[in-house]
Colleague: 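Attaching a single structure in structure tokens format; questions to follow.
Keep in mind the model is a prediction, meaning the values are calculated, not measured.
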Amino acid sequence: MASARKNSIIISEEEYEVLCFIKEGIFGSFTRLMNQEQRDEFLKTKMVNQHKIPYALTFAPSSINKKTLEHAKTQDKLEFICNDQVIGHIILESKFENDKNTNDIFRPNTCLIEDFGEICISGEFEIYQNRIKTLKENFEKIKKRLNPSNITAIVSSFDPFHRAHERILRWAIEQSDLVIIFLIESYENNGLSLNLKKRCFDVFAQNYLPSSRVLLIPLHNIKIFASHLNPILECALAKSFNCNKLFVGQNHAGLGMFFNQNRAFTVLDDFAKDYNIEVTILPEFVFCDECKMIVSTKSCPHGAHHHMKYHGDSLKNLLRLGIIPPAVFIRREISALILSELFPNRFHNKQNIYSNLFPTHGILEYRSDKEFYEQLIKLHQMSYMV
């Protein structure tokens, strides 16, 4: 790693993205880096500018910047460097000691970012090419065209995109004028790439959804959403895009659901009230072999022994083994797309296999891996020989 230059701070791509989020008010109306007094006040109240926020907006650049920070003075202009490019700057207001016990937005309790520095910096900052700002500007154009009254947000990894996701999306569209899907990256070893997941969703949306009422926003290089450990973060993200509804699954890792007098409560209740956003806790969706359809576990009268579950990791394991999941779990177009990406050039004599097995209408044409898998899955679905 290169050393920091004078009056510059080297940051990672993830830190770059977090700065973009802060600057665009994703975590509330506070759009700068906190000083020590503001941090201490947040630790007492969990609020800033009279709004609740999930984490302290403090930043201690990595240890490679230690010399630069030690010599920096108040009102100095410090440039942010990411991948050897100047991407922004901060006008230094103050420096203070980093509190290792503080969960800040760059270091949530998942500890996903390593190598934290000892010195926090505060002040107003600018980001020159802010991707989040561009996303919000594009969203405003869509909102102006549609003039939606109800906007629902869904934060998901779609890893992989399966039939239960389809059910949730249709339910959201029925209740909303516009649905925003914030697609988060997968950081597990066997996770599908963000680009592949986006392509899978696009295939479904273009063919089976009113695409003008659905907006997909991919979140690149932003790990703070990856583990679903803090749904308040997702609530703040939804509100910053003017959503008045948020769908959250009941199995969300950080939901903290509990019951009191037969009524369900979650950690989102107070936040949702303060920010005037309606949170819907989704039940678990399964396929019931008695009902012969996708149902929620709350509405189905049959026991768990009749339920086929949409377990993302298990479906992904099948795909990574090259096994085609049954269409009851994943549409054949989606499975074919994923398999063709995971196993490129898998068949050396694919054209011969295709022409020998499948109808060709007497025309010899080049067939892609995706088309090959689609035909194979189509045959798997045929039932008249069973």
Colleague: Does the pair Asp202/Lys198 count as a salt bridge with the N-to-O cut at 4.0 Å?
Modeller: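 Looking at Lys198 together with Asp202, the answer is yes, because their closest N to O distance falls below 4.0 Å.
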Colleague: Give a yes/no verdict on a cation-pi contact between Lys23 and Phe125, requiring under 6.0 Å between NZ or CZ and the six-membered ring centre and an angle within 45° of the axis.
Modeller: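 Judged by the rule, Lys23 and Phe125 form a cation-pi pair.
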Colleague: Which class fits the ring pair Trp171 and Phe285: parallel under 30°, tilted 30 to 60°, perpendicular over 60°?
Modeller: perpendicular
Colleague: Tell me whether the rings of Phe21 and Phe225 are parallel (<30°), tilted (30 to 60°) or perpendicular (>60°).
Modeller: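 Judged by the thresholds at 30° and 60°, the geometry between Phe21 and Phe225 is tilted.
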Colleague: Set out, in order, the CA-CA distance, both residues' side-chain angles and the distance that settles side chain to side chain contact (heavy atoms under 4.5 Å, CB included) for Tyr55 and Val18, then state yes or no.
Modeller: CA-CA 12 Å; Tyr55 297 110; Val18 173; over 6 Å; no
Colleague: Classify the ring geometry between Tyr128 and His89 as parallel (under 30°), tilted (30 to 60°) or perpendicular (over 60°).
Modeller: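 Rings of Tyr128 and His89: tilted, as their planes differ by 30° to 60°.
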Colleague: Name all residues meeting the salt bridge (Lys or Arg N to Asp or Glu O under 4.0 Å) criterion together with Glu341; count only those two or more places apart in sequence or in a different chain, and write none if there are none.
Modeller: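 For Glu341 the salt bridge (Lys or Arg N to Asp or Glu O under 4.0 Å) partners, ignoring immediate neighbours, are Arg199.
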Colleague: My understanding is that only residues two or more places apart in sequence, or in another chain, count here; which of them pass salt bridge (Lys or Arg N to Asp or Glu O under 4.0 Å) with Lys77?
Modeller: none
Colleague: Taking the six-membered ring of Tyr310 as reference, does the NZ or CZ atom of Arg167 fall below 6.0 Å from its centre and within a 45° cone about the axis?
Modeller: no
Colleague: Taking C-beta and beyond as the side chain, do Asp159 and Lys316 meet within less than 4.5 Å on heavy atoms?
Modeller: yes
Colleague: For the backbone of Ala72 and the side chain of Lys95, can you confirm whether one donor and one acceptor N or O come within less than 3.5 Å of each other?
Modeller: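 Flag set: sc Lys95 to bb Ala72 pair under 3.5 Å.
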Colleague: Under a 4.0 Å threshold between the charged nitrogen and the carboxylate oxygen, would Arg332 count as salt-bridged to Glu374?
Modeller: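 Looking at Glu374 and Arg332, the cut-off is not met.
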